[in-house]
Every structure is written in structure tokens, then in C-alpha cells.
Engineer: 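I am attaching a structure below and will ask some questions about it afterwards.
Counting convention: from 1, in listed order, for ligands and their atoms alike.
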Amino acid sequence: MLKDLKLLYMSEQEIINSIQERKLSVCVVGLGRIGLPTAISFANAGLNTFGIDIDTELISKIKSNNFPLKDEPGYGFIFESLIKEGKLKVSTNFEDIITKSDIIILTLPTPINNQNVPDYSAITTVGKQLHDLIDKGTIIIVESTIEPGFIENTLVKILEGEDKKNRVGKDFGLGVCPETANPGQIKNDFENLPRLVGAVDNKTKIIITKIYNHVFPVEIIPMKDCKTANAVKLTTNVFRDLNIAFVNELAILFEKVGINIVDVLNAAKTKYNFQVHYPGPGVGGPCLPVNSYQMINLAKTWGFETLQMADISRKINESMPDHVIELLKDAFKEKEQNIENSNILVLGISYKPDVKDIQLSPAEPIISKLKELKTNISIYDPYFKNQLVFGINTESEFLSKVSKSDAIIIITAHKEFYNIDPEFLKSKMRGTIIIDSKYVINQDSAKKVGLIYRGIGCGKI
Ligand SMILES: NC(=O)c1ccc[n+]([C@@H]2O[C@H](COP(=O)([O-])OP(=O)(O)OC[C@H]3O[C@@H](n4cnc5c(N)ncnc54)[C@H](O)[C@@H]3O)[C@@H](O)[C@H]2O)c1
């Protein structure tokens, strides 16, 4: 029978012993991009590990030893052996598992709704279930990205409940360890990036630090409190959103002036205090855009009209799909060809290279604008073959639509696209237009073979 430990009341030595004797049991709630690798890490470190998800299809996939994150290198073999040996058990049955767990880790989604307002309902829903189910001494850790203050002002109240059945710091411990890993390299980041730990009470902070020190071979940095740890996570991502907006705005200016932004950035980054960011068709994914809106929401909660820098950056980055379309229209104008009824091949729809993920991808607004222009759209993405995406059946191979294309738009810099030879395109395509929003095609070679090339911030060549 598991769960006889009362972590919150144990001495440091008892905690270390329970880790070494493999008595601790952990439950990871939400087995997605972050949760499943997290569960694997805990199971691999010898802790009794359970995973819970509401997605029944995902749970059956995991149970049948089919690793769902094919774009995350390094996990296949470890996952298979953990499942085979019964060291990682998963279920949709919340009650059964929560009551057996000493530590509960929340890796639940925290998206924005269609008004760009953060949606924490997955955490609040699970929080209510935890209020009813947790045993004395349990430690709850939130790894999801949340606004500073969400733990202190919202989650504590939910977990304690109106009945004050559980009191934070007395009956249960609550802390955060915001996840900062990058999709496509989660294992590498888990093994290299320092982790921040904050907690409502000091004992919980010590417990989380000890346990994460055992599981992850990285520096564990204790923070003053939960809100400071969460503020760090948001600050790093809003910083990136802001910097990308800056270079996107410059890119549009430089196109007019006839300066190639890539030349500028590559030279600028030789200066020690310049951190380079590159322009692109927009900023997607479950992190950067969402995190800027979380920070804006925080500002509004505190009586600010908005957070100006984040707000303007969002506007710039969200306008980039329009700019991609402007480049396309301009190229058609140069070619003196009507864009209506033309055949456009879109290469890459993921929001990020070499990852199977289209959440908030700029590909979506670009494709919907192409539809408005009445073009015939084909899509090729090595991670989305032969399936219906954005209302279009995707191609199974790159070559299938090249010969019929009047224009190609590259949205994602997947590795596979770097092999594309401009001379090959010129010889195979029906048209000559290349809109390269990620600098995948060599511009000089494109020019030499007679392609009409447009890159963001590269102007006409
Ligand atoms: N993906 C990233 O790049 C990344 C990086 C750092 C931090 N984060 C943060 O980590 C958190 C998780 O993100 P993710 O990308 O892993 O999300 P995800 O969408 O890949 O996975 C979330 C999982 O939670 C499950 N779920 C939803 N509601 C549930 C409930 N009530 N009970 C149990 N399971 C439930 C979903 O079915 C899904 O499998 C988010 O806060 C995100 O911002 C994500």
C-alpha cells in the first residue's frame, strides 16, 4: 500500500531516506508535451510514478507503449522500458491515483481564450478535485505557466476550500517549479536548464528542492516565493516576444530602405551585449504569445490600462502574417500575374522548426488570407502529412505540388527545407515566386537562377 508518508512533517533526513529507499510516490497531472517527459524523469529516477490525463485516447496510447511525442528525441527507449516494467503507470482515474500520491505535480494547459484572456480553468478544476481528495502532508507543485499571484490569490483558496478542510503549510504544502523547457529538446533542457522553486512555506520549498535535486541533474534555485518564480518564467518569454517584435518592425523598415536585416543582425551580434533575435512570419506556440497576454492580464489586474511594451509587441508580431501576404502580392505584381486562382504551395505549418505543433501558428492566419485571395492552396509539412489541417488536405511529399506551383511560401524552417536547391525549384516550378519568411533558401543563389525572392526584411533582390 503506497502513501503512508507525510512529507510535509518529515525531517530532511527522512525525506532523503524516502527518496533513496524509493518509497515516495508522485503523480503528474496532464501528460502532454511537458507532463509526460516529467513523469518519465520521475519514474526513471526510481520514484513510484503515476500519470493522469482526461484524454482517454492518449492514456490508451501510453498504456500500449506507443510514445506520443515522436518529435522529442531521447525518450523512446526509456519510455518503452518504464511502461514495460510497470514503473510508469497512467490512468484517467483521478481519485484512485491522487489518494496514493505523496507529491502531485500539475502540468496542465494554461492557454488564452479567443479574447486573449488567460484561461486557468484546467488548474482550477483539478484544484477543486484535490481539495476533496488530498491527504494530510501531501505536496502540490505547479509546473504550468501561470501569472504571478495566481497561487497566492486563487489556488490556495481553492485547495483550502471554504470549509478550510486543508490549510496550506499545515495540512499540505504548495509550491511552483515553472517549466522552461523548449519543445523538440525537452530532454536536453531537463538535463541542462536550472530550475526555479518557489513555495508558500519554507518547508515545502526545501522538500521540492531536495526531490528535484534527486530527479534532475541541474541547479535548483530556490526563489523567495511562488510569485517571484512565476515572474521569472514570464519575464524570459515576454523578453523574447518583445525582441522579436523589435526586429520584425525593423525588418519592414529596412525592406523600404534597401538594407538586408540578416546582414545587420549577423554583424550586430558580434557586439557582446547584443542578444540576437530574427524576424519571422509571426510568433506562435503555447508559450510566447500566451505569456505576453498573461503579463498584460497581470498589469490589468493591478489597475494598469495595459502593459504597453508587451501590448505593442503582440500587435506587431500578430501583424506579420499580413506582411507575408504583402510580400506575396508584391512579387505577383512584379511578375505581372494575377494572384487570384494562382497555385500556392505552403511549406511548413508548425509554429516552430522540427516540432509537430500548430498551436497559434502564424500559418493559420496566412492560410486564411490566402483563401480570401481565392488562391489554390497546397500544404506540405513533414510533421503533418496526409491530414486535414486548416481545412486543407496536406500533401504526403514535398515534390507532389512543386511543378504546379506559381509561388512557394516557407513559413517554418524545418531541417528538411534547408536541402531545397533554388536551381531545382526554378527548373520544376510553374512559376518563379519564393516567399521565404525564415531565410531557408540562399538568397544569392535564388537571384542567380532567376527566382523572384522575397524574405522578411530582405527587400527585393
Ligand atoms: N509546450 C511547451 O513548450 C511548454 C514549455 C514550458 C512550459 N509550458 C507550460 O506547461 C503547461 C503544460 O503545457 P503542455 O504544452 O504540456 O500542454 P499540453 O496541451 O501538451 O498537455 C496538457 C495535458 O493536460 C491534459 N489535461 C487537460 N485538462 C486536464 C484535467 N482537467 N485533468 C487531467 N489532464 C488534463 C490534456 O489532455 C493534455 O494531455 C502549460 O502551462 C504551458 O504553458 C509549456
Side-chain angles (χ1 to χ4, degrees), residues 27-41 50-63 67-72 75 90-98 101 104-112 118-133 140-148 150-151 155 158 176-190 193-196 229-230 232-238 240-241 283-295 297 350-361:
C27 168
V28 178
V29 187
L31 297 173
R33 171 80 62 181
I34 295 300
L36 184 55
T38 300
I40 292 173
S41 303
F50 303 93
I52 301 180
D53 205 290
I54 45 168
D55 184 341
T56 46
E57 228 174 273
L58 175 71
I59 292 297
S60 352
K61 210 170 182 181
I62 297 174
K63 278 185 175 167
F67 186 58
L69 300 168
K70 299 279 187 281
D71 52 357
E72 289 299 343
Y75 281 118
V90 296
S91 171
T92 49
N93 187 336
F94 206 83
E95 191 168 340
D96 186 34
I97 289 185
I98 290 303
S101 307
I104 296 160
I105 299 175
L106 306 186
T107 47
L108 290 157
T110 49
I112 41 173
D119 172 2
Y120 299 115
S121 59
I123 299 187
T124 54
T125 305
V126 167
K128 285 176 196 148
Q129 291 171 283
L130 292 177
H131 162 263
D132 298 339
L133 294 171
I140 300 170
I141 305 163
V142 180
E143 288 203 11
S144 300
T145 309
I146 45 177
E147 278 166 54
F150 174 82
I151 295 286
L155 194 59
I158 293 171
V176 298
C177 184
E179 184 48 65
T180 53
N182 250 318
Q185 53 176 69
I186 301 274
K187 188 163 186 292
N188 174 71
D189 288 356
F190 275 12
L193 289 181
R195 302 290 296 258
L196 309 176
N230 292 131
V232 177
K233 160 76 197 189
L234 286 193
T235 302
T236 54
N237 277 356
V238 177
R240 277 177 51 69
D241 205 22
V283 178
C287 289
L288 264 56
V290 174
N291 298 165
S292 284
Y293 282 118
Q294 287 174 319
M295 204 69 123
N297 197 53
S350 295
Y351 80 89
K352 159 178 202 219
D354 306 316
V355 159
K356 185 182 182 184
D357 195 339
I358 50 169
Q359 290 178 74
L360 301 179
S361 172

Engineer: Which of the atoms of ligand 1 are close to A181, meaning less than 4.0 Å from one of its heavy atoms?
Structural biologist: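 Those of ligand 1 that fall under 4.0 Å from A181 are 5 (C), 6 (C).
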Engineer: I'd like to know if T107 contacts ligand 1, where contact means a heavy-atom distance under 4.0 Å to any ligand atom.
Structural biologist: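 Yes, T107 has a heavy atom closer than 4.0 Å to ligand 1.
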Engineer: Go through ligand 1 atom by atom and flag the ones less than 4.0 Å from a non-hydrogen atom of L58.
Structural biologist: 39 (O)
Engineer: Evaluate T145 for polar contact with ligand 1, using N/O atom pairs at a separation under 3.5 Å.
Structural biologist: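 N/O-N/O distance under 3.5 Å: yes.
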Engineer: Measure the distance from atom 23 (C) of ligand 1 to every protein heavy atom, then report the residue, atom name and distance (to 0.1 Å) of the closest one.
Structural biologist: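 Answer for atom 23 (C) of ligand 1: D53 OD2, 3.6 Å.
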Engineer: Applying salt bridge (Lys or Arg N to Asp or Glu O under 4.0 Å), name anything that partners R195, two or more places apart in sequence or on another chain.
Structural biologist: E143, E179
Engineer: Please write down residue, atom name and distance for the protein heavy atom closest to atom 22 (C) of ligand 1.
Structural biologist: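 Ranking protein heavy atoms by distance from atom 22 (C) of ligand 1, first comes P109 CD, 3.6 Å.
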Engineer: Calculate, to the nearest 0.5 Å, the distance between atoms CD1 and CG belonging to I62 and L31 respectively.
Structural biologist: 5.0 Å
Engineer: Any idea which atoms of ligand 1 are less than 4.0 Å away from a heavy-atom of K233?
Structural biologist: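 Listed by number with element, the hits are 6 (C), 7 (C).
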Engineer: Does ligand 1 come near enough to E179 that some N or O of the ligand is less than 3.5 Å from an N or O of the residue?
Structural biologist: no
Engineer: Between R33 and ligand 1, does any nitrogen or oxygen pair lie at a separation below 3.5 Å?
Structural biologist: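 Looking only at distances, the answer is yes, because the N/O contact criterion of under 3.5 Å is met.
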Engineer: Can you find a heavy atom in the side chain of R33 that is under 4.5 Å from one in the side chain of D357?
Structural biologist: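 Side-chain contact under 4.5 Å: yes.
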Engineer: Heavy-atom contacts with L108 under 4.0 Å: which atoms of ligand 1 show up? List them by number with element.
Structural biologist: 11 (C), 12 (C), 26 (N), 28 (N), 29 (C), 30 (C), 32 (N), 33 (C), 34 (N), 35 (C), 40 (C), 41 (O)
Engineer: Of the protein's non-hydrogen atoms, which lies at the shortest distance from atom 41 (O) of ligand 1, and what is that distance?
Structural biologist: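 Its nearest protein heavy-atom neighbour is T110 OG1, 2.6 Å.
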Engineer: Considering the heavy atoms of V126, write down every atom of ligand 1 situated less than 4.0 Å from one of them.
Structural biologist: 30 (C), 31 (N), 32 (N)
Engineer: Closest approach of G51 and I97, non-hydrogen atoms and distance?
Structural biologist: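 That would be O-CD1, 4.0 Å.
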Engineer: CG/L360 to OH/Y351 distance, rounded to the nearest 0.5 angstrom?
Structural biologist: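 So the CG of L360 and the OH of Y351 are separated by 9.5 Å.
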Engineer: Looking only at protein heavy atoms, which one is nearest to atom 21 (O) of ligand 1, and how far off is it?
Structural biologist: G32 CA, 3.2 Å
Engineer: Rounded at 0.5 Å granularity, tell me how far CD in E95 sits from CD1 in I98.
Structural biologist: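 Reported to 0.5 Å precision, the distance equals 10.0 Å.
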Engineer: Under 4.0 Å from a heavy atom of D55: which atoms of ligand 1 are those, numbered in the order shown and with their elements?
Structural biologist: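 Once the distances to D55 are compared, the set is 37 (O).
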Engineer: Please could you name the atoms of ligand 1 that P286 approaches to less than 4.0 Å, counting only its heavy atoms?
Structural biologist: 1 (N)
Engineer: If you look at every heavy atom in S292 and D241, which pair is closest and at what distance?
Structural biologist: OG-OD2, 2.7 Å
Engineer: Would you say the side chain of P118 lies within less than 4.5 Å of the side chain of T110, judging by non-hydrogen atoms?
Structural biologist: no
Engineer: Would you give the length of the straight line joining atom CD of Q129 to atom OG1 of T124, rounded to the nearest 0.5 angstrom?
Structural biologist: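 Rounded to the nearest 0.5 Å, the CD-OG1 separation comes to 10.5 Å.
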Engineer: Can you tell me the protein heavy atom closest to atom 3 (O) of ligand 1 and the distance?
Structural biologist: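 Going by distance alone, atom 3 (O) of ligand 1 is nearest to P183 CG, 2.9 Å.
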Engineer: I need the atoms of ligand 1 closer than 4.0 Å to a non-hydrogen atom of C287, numbered in the order shown.
Structural biologist: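 This gives 2 (C), 3 (O), 4 (C), 5 (C), 6 (C), 44 (C) as the contact atoms.
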Engineer: Does K352 reach the side chain of N182, with side-chain heavy atoms less than 4.5 Å apart?
Structural biologist: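 When only atoms from C-beta onward are counted, N182 and K352 do touch, with a gap below 4.5 Å.
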Engineer: Quick test: of every protein heavy atom, which one is nearest to atom 28 (N) of ligand 1, and how far off is it to 0.1 Å?
Structural biologist: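 So the nearest neighbour among protein heavy atoms is I54 CD1, 3.4 Å.
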Engineer: Is there a side-chain contact between P148 and L234, using heavy atoms and a 4.5 Å cut-off?
Structural biologist: yes
Engineer: I'd like to check whether I34 has a polar contact with ligand 1, where a contact means an N/O of the residue lying under 3.5 Å from an N/O of the ligand.
Structural biologist: yes
Engineer: N291: what forms a side chain to side chain donor-acceptor pair (under 3.5 Å) with it, not counting sequence neighbours?
Structural biologist: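 If we apply the side chain to side chain donor-acceptor pair (under 3.5 Å) test to N291, skipping adjacent residues, the hits are N237, Q294.
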